[in-house]
Colleague: 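Have a look at this one before I ask anything.
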Amino acid sequence: QVQLVESGGGSVQAGGSLRLSCTTSRISGPYVCFGWFRQTPGKDREGVARLFSATGSTLYADSVKGRFTISQDVDKEILYLEMNNLKPEDSAMYYCAAVASSSFSTCQEEALSGFPYWGQGTQVTVSS
């Protein structure tokens with residue numbers, strides 16, 4: 001059974017950093033699209049970053065470009081989201097997700113509803 005478990009959330013001041021981790025148990029093979037998403041109460045879940053495992057290609061939302069980095073440790077089966085220069089508007093519940101994907105192009109275009117595997121979320125709170 002595929003299992004995604006996030007960790008690493010917390011409370012930081014603006015300008016601070018956090019690194020989120022997501023263990024990706026039993027997701028095998030290179031053709032996987034991983035994503036980090038976030039959601040605040042009353043708003044839709046939004047994409048933050050994506051990574052296509054076969055090539056390491058990445059995609060970022062404009063709001064986090066240059067501040068966030070998505071990466072993976074294939075051997076340890078861990079997906080990371082390094083978040084630097086955090087802003088209050090980055091406060092949200094952060095989720096990792098995964099879906100089988102044949103290409104980076106497909107990974108980029110995958111709708112949220114197309115991701116079958118989700119973690120339970122980890123809360124990030126950034127104070128000003």
Side-chain angles (χ1 to χ4, degrees):
Q1 182 177 348
V2 173
Q3 205 170 18
L4 303 179
V5 180
E6 303 96 335
S7 61
S11 297
V12 296
Q13 290 191 326
S17 299
L18 283 173
R19 187 176 76 163
L20 306 184
S21 300
C22 173
T23 57
T24 59
S25 301
R26 302 189 182 183
I27 299 178
S28 60
Y31 297 99
V32 181
C33 178
F34 291 106
W36 283 100
F37 300 84
R38 65 187 182 187
Q39 188 171 23
T40 54
K43 292 189 177 181
D44 292 335
R45 193 168 296 187
E46 63 175 0
V48 174
R50 299 188 184 197
L51 180 147
F52 181 54
S53 190
T55 61
S57 301
T58 58
L59 173 71
Y60 296 94
D62 287 343
S63 58
V64 306
K65 278 181 183 176
R67 300 188 298 122
F68 290 13
T69 303
I70 186 173
S71 63
Q72 66 171 141
D73 185 320
V74 175
D75 292 335
K76 294 182 180 179
E77 298 182 319
I78 300 176
L79 182 73
Y80 297 105
L81 184 69
E82 184 77 34
M83 305 186 295
N84 297 313
N85 191 21
L86 282 160
K87 304 176 181 181
E89 52 263 42
D90 294 319
S91 297
M93 184 71 79
Y94 282 72
Y95 300 89
C96 63
V99 61
S101 184
S102 59
S103 68
F104 179 55
S105 177
T106 304
C107 176
Q108 290 180 88
E109 297 170 356
E110 190 69 65
L112 265 68
S113 58
F115 284 79
Y117 307 114
W118 290 85
Q120 82 291 345
T122 186
Q123 179 68 39
V124 171
T125 302
V126 185
S127 58
S128 57

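When reading the values below, keep in mind they use all heavy atoms of this one structure, side chains included, and skip hydrogens, waters and symmetry mates.
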Colleague: Give me the atom names and distance for the closest heavy-atom approach of Leu79 to Ser71.
Modeller: CD1-O, 3.4 Å
Colleague: Testing the basics here: between Pro88 and Ser127, what is the closest heavy-atom pair and its distance to 0.1 Å?
Modeller: CG-C, 4.5 Å
Colleague: Counting N and O atoms only, with roles assigned by atom type, does the side chain of Glu6 sit under 3.5 Å from a partner on the main chain of Gln120, one being a donor and the other an acceptor?
Modeller: yes
Colleague: Kindly determine whether Thr69 and Tyr60 satisfy side chain to side chain contact (heavy atoms under 4.5 Å, CB included), including the steps that lead there.
Modeller: CA-CA 8 Å; Thr69 303; Tyr60 296 94; 3.8 Å; yes
Colleague: If you look at every heavy atom in Glu82 and Asn84, which pair is closest and at what distance?
Modeller: OE2-OD1, 3.7 Å
Colleague: Could you state the interatomic distance from NZ (Lys87) to OG (Ser128), rounded to the nearest 0.5 Å?
Modeller: 13.5 Å
Colleague: Backbone N or O of Tyr80 within a donor-acceptor pair of the Trp36 side chain at under 3.5 Å?
Modeller: yes
Colleague: What's the spacing between Gln72 CD and Cys22 SG if we round to 0.5 Å?
Modeller: 11.0 Å
Colleague: Do Phe34 and Val2 share a hydrophobic cluster, counting only Ile, Leu, Val, Met, Phe, Trp and Tyr and linking them when any side-chain heavy atoms are less than 4.5 Å apart?
Modeller: yes
Colleague: Which atom names give the shortest non-hydrogen contact between Gly9 and Leu20, and what distance separates them?
Modeller: N-CD2, 3.6 Å
Colleague: Side chain to side chain contact (heavy atoms under 4.5 Å, CB included) for Lys76 and Ser21? Distances and angles first, verdict last.
Modeller: CA-CA 11 Å; Lys76 294 182 180 179; Ser21 300; over 6 Å; no
Colleague: Could you grab the distance from atom OG1 of Thr40 to atom CG of Asp44, nearest 0.5 Å is fine?
Modeller: 9.0 Å
Colleague: Around atom CD of Gln3, are there more than 12 heavy atoms of other residues, nucleotides or ligands at under 6.0 Å?
Modeller: no
Colleague: Determine which pairs satisfy salt bridge (Lys or Arg N to Asp or Glu O under 4.0 Å) with at least one residue from residues 49-62, sequence neighbours left out, and list them in order.
Modeller: Asp62-Lys65
Colleague: When rounded to the nearest 0.5 angstrom, what is the spacing between OH in Tyr31 and SG in Cys107?
Modeller: 13.5 Å
Colleague: Applying a strict under-4.5 Å side-chain criterion to I, L, V, M, F, W and Y, I'd like to know whether Val99 and Trp118 cluster together.
Modeller: yes
Colleague: Hey, any chance Leu112 and Met93 share a hydrophobic cluster, counting ILVMFWY side chains that come within less than 4.5 Å of each other, even indirectly?
Modeller: yes
Colleague: When rounded to the nearest 0.5 angstrom, what distance separates CD in Glu46 from CD in Gln39?
Modeller: 9.5 Å
Colleague: I would like to know whether Thr24 and Tyr117 meet side chain to side chain contact (heavy atoms under 4.5 Å, CB included); could you show each step before the answer?
Modeller: CA-CA 10 Å; Thr24 59; Tyr117 307 114; over 6 Å; no
Colleague: Can you measure from CZ (Phe52) to OG1 (Thr106) and round to the nearest 0.5 angstrom?
Modeller: 7.5 Å
Colleague: Tell me, please, which residues at least two apart from Arg67 pass salt bridge (charged side-chain N to carboxylate O under 4.0 Å, His left out).
Modeller: Asp90
Colleague: In terms of the angle between their ring planes, are Phe115 and Phe37 parallel, tilted or perpendicular, with boundaries placed at 30° and 60°?
Modeller: perpendicular
Colleague: Hey, mind stepping through Val126 and Ser91 against side chain to side chain contact (heavy atoms under 4.5 Å, CB included) and telling me if it holds?
Modeller: CA-CA 5 Å; Val126 185; Ser91 297; 3.7 Å; yes
Colleague: For a quick test of reading the model, state the closest non-hydrogen atom pair linking Gly119 to Tyr95 and the distance between them.
Modeller: O-CD2, 3.6 Å
Colleague: Return the minimal non-hydrogen interatomic distance between Val48 and Val64, and the atom names on each side.
Modeller: O-CG2, 3.6 Å
